[in-house]
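Just below is one structure, and these are the notes that go with it.
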Amino acid sequence: MRMDDIEYHMPETLPQACALLSAHGAAAALLAGGTDVVIALKYGVLGARHLVSLKRIPGLSEVTREPGGGLTIGALVKLSDVAGSAAVRSVCAALAEAAGQAGSPLLRNRGTLGGNVCLETRCWFYNQNESWRDSRPPCLKAGGDQCYVNRTQNQCVALFSADTPAALIAGGARVRLAGPRGERSLPIEDLYSNDGLRPLARENGEILTAVTLPAPRPRSGSAYLKYSVRESIDFPVFGVAASVALDSKGGIGDLRLAVTGVKTAPMRLVEFEAALRDRAVPQENDSGLAGIASRTLGTLYLTDTVPHKRHVAGLMAVEAVCRAAAAARDGRTA
Amino acid sequence: MKQRIQLTVNGETHDLVVTPTRTLLDVIRDDLGLTGTKRGCDLGACGACAVLLDGRPVNACLVLAVEASGQEIVTIEAIASGGKLHPVQEAFVQQGAVQCGFCTPGLVVTVKALLDERPNASESEIREAISGNICRCTGYVKVLDAVRAAAREQMGVAR
């Protein structure tokens, strides 16, 4: 597939990269592993005229254990390295599981954690080649004036579809951003704008440099479950991560549960968490709980073709809690 | 604007001038004439274009050539050596794991990397390692037979 020509920059430092992004604004795109950006270029949906490569920026590719027991993962660490890292597995197993299920092994050898965290939202009507999209006027996300999925409100509902952010939210992660005005750190949930058109709440010129995870809570365990049409290569139709901290009776002391593939941002299921807190670990086939989880998903804009999504999601949410609790019981930590 | 790059492919370093949007797949096939690596989906979803980049199998169709400058690339052409097939290739032939052959270069490169790293790969590790390589002909049964046979052969040689 031919791509329109684009200007390619290879800054040597983070400030240079931020300056390039600032200078070109919406006309610039960051290039990390390229497994999404290059496809977007081939599809003709990436409007950028400038590509800013992060390849030469030092210090973004390490996994570092912090003195307090937490972990810092550089934005350019490959997903296959996140998946295979004993350090990651010991601090947040759900993250290792999520990274290990993103895409395919070949894609994971190029795709980065930062790229997955910042993944562009997706929709059946948007992620298509030019000749497919030419059969109708462009959708909102492609610069047109209508959404083909949410026709009533005419608002972009392109789905957030990356695997790792659900696990990172469950793990209590923060992200570090570097920009023209300096560095800042924020809870990962705050990185997302809930806007299908511009999914990241980052300022012009800001670059995600690292993800940080706190030390795991005592007697805790986590898990990530993914439902996709095929077991490999595909984005999640639905992904759910749970992190459970057991109380002294072996019940659910605390629970964090987050989903992907549901809205324009990854989402914590707060109501479902509340329903489970301070009670015994459920049975995997608890249909009442599954029903609660299903309902808390809210409106589903089906930009994929899976009509039983709500039902499956509810069952998976309960299963994720059970698996996380089992991991906690087995002392597999985090 | 065109960029000067250096690509080391199968041990040889090439000086090339490329536009930024040319992929590694474009360059190795069209500029270097190494057509063993195949263009399947051109979107990273089929694995027919797999090459080794610093030892790791990747989809060449998604690597911009400018990004691979300075890295070591190994293609299917370099898997055999001295006119002799690599044990992985020999096993694919012996086990009947090749039908149309279009997926084969990508599979061979991926499997070679797997067995180099994990000669003792388990059944589930093998299946996971090739889960990014799609084959429309074989149903994968003989492909898996070939990987197991190659693993046994390599382990035997190592002993």
Chain A contact via [X] - which portion, at a heavy-atom distance below 4.5 Å:
X: B:Cys41; result: backbone
X: B:Glu128; result: both
X: B:Ala45; result: both

If I compare all heavy atoms of [X] with all of [Y], which pair ends up nearest, and what's the gap?
X: A:Lys55; Y: B:Glu67; result: NZ-O, 2.5 Å
X: B:Gln3; Y: A:Tyr8; result: NE2-O, 3.6 Å
X: A:Pro105; Y: B:Gly132; result: CD-N, 3.8 Å

* Structure fact -> Which of B:Leu62, B:Thr110, B:Val58, B:Val109 passes side-chain contact (heavy atoms from CB on, under 4.5 Å) with A:Leu106? Answer is B:Thr110
* Among A:Leu31, A:Leu51, A:Leu41, A:Asp5, find the one that has a side-chain contact (heavy atoms from CB on, under 4.5 Å) with B:Pro20. =>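 Only match with B:Pro20 under side-chain contact (heavy atoms from CB on, under 4.5 Å): A:Asp5.
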* So which part of A:Arg108 gets closer than 4.5 Å to some heavy atom of chain B, the side chain, the backbone, both or neither? ->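 Answer is side chain: those atoms of A:Arg108 sit under 4.5 Å from chain B.
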* Say whether, by atom type as modelled, one donor and one acceptor occur between the side chain of A:Ser232 and the main chain of B:Ser131 under 3.5 angstrom. =>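 Here the side-chain-to-backbone pair exists.
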Which one wins on heavy-atom pair count under 4.5 Å against chain B: [options]?
options: A:Asp81, A:Val37, A:Asp36; value: A:Asp81
options: A:Arg230, A:Met3, A:Glu231; value: A:Met3
options: A:Asn129, A:Ile39, A:Asp234; value: A:Ile39

* A:Lys78 vs B:Arg56, side chain to side chain contact (heavy atoms under 4.5 Å, CB included): CA-CA, chis, key distance, verdict -> CA-CA 11 Å; A:Lys78 305 277 183 235; B:Arg56 298 218 230 191; 4.1 Å; yes
* To do: Against chain A, work out which of B:Ala113, B:Pro57, B:Cys46 has the most heavy-atom pairs shorter than 4.5 Å and name it.
  =>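 Looking at each option in turn, the highest pair count goes to B:Pro57.
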* Asked: In terms of heavy-atom pairs under 4.5 Å, which option from B:Asp26, B:Thr19, B:Leu64 contacts chain A the most?
  ->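 Among the listed options, the one with the most contacts to chain A is B:Leu64.
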Inspect the surroundings of [atom1] in [X] and state if more than 12 heavy atoms from other residues, nucleotides or ligands are less than 6.0 Å away.
X: A:Lys141; atom1: NZ; value: yes
X: B:Gln71; atom1: CD; value: yes
X: A:Arg136; atom1: CZ; value: yes
X: A:Arg49; atom1: CZ; value: yes

* **Criterion side chain to side chain contact (heavy atoms under 4.5 Å, CB included) on B:Thr21 and A:Asp4, from CA distance to verdict** => CA-CA 7 Å; B:Thr21 53; A:Asp4 285 342; over 6 Å; no
pair [X]-[Y]: side-chain heavy atoms closer than 4.5 Å:
X: A:Lys42; Y: B:Thr23; value: yes
X: B:Val63; Y: A:Val38; value: no
X: B:Asn59; Y: A:Thr35; value: no

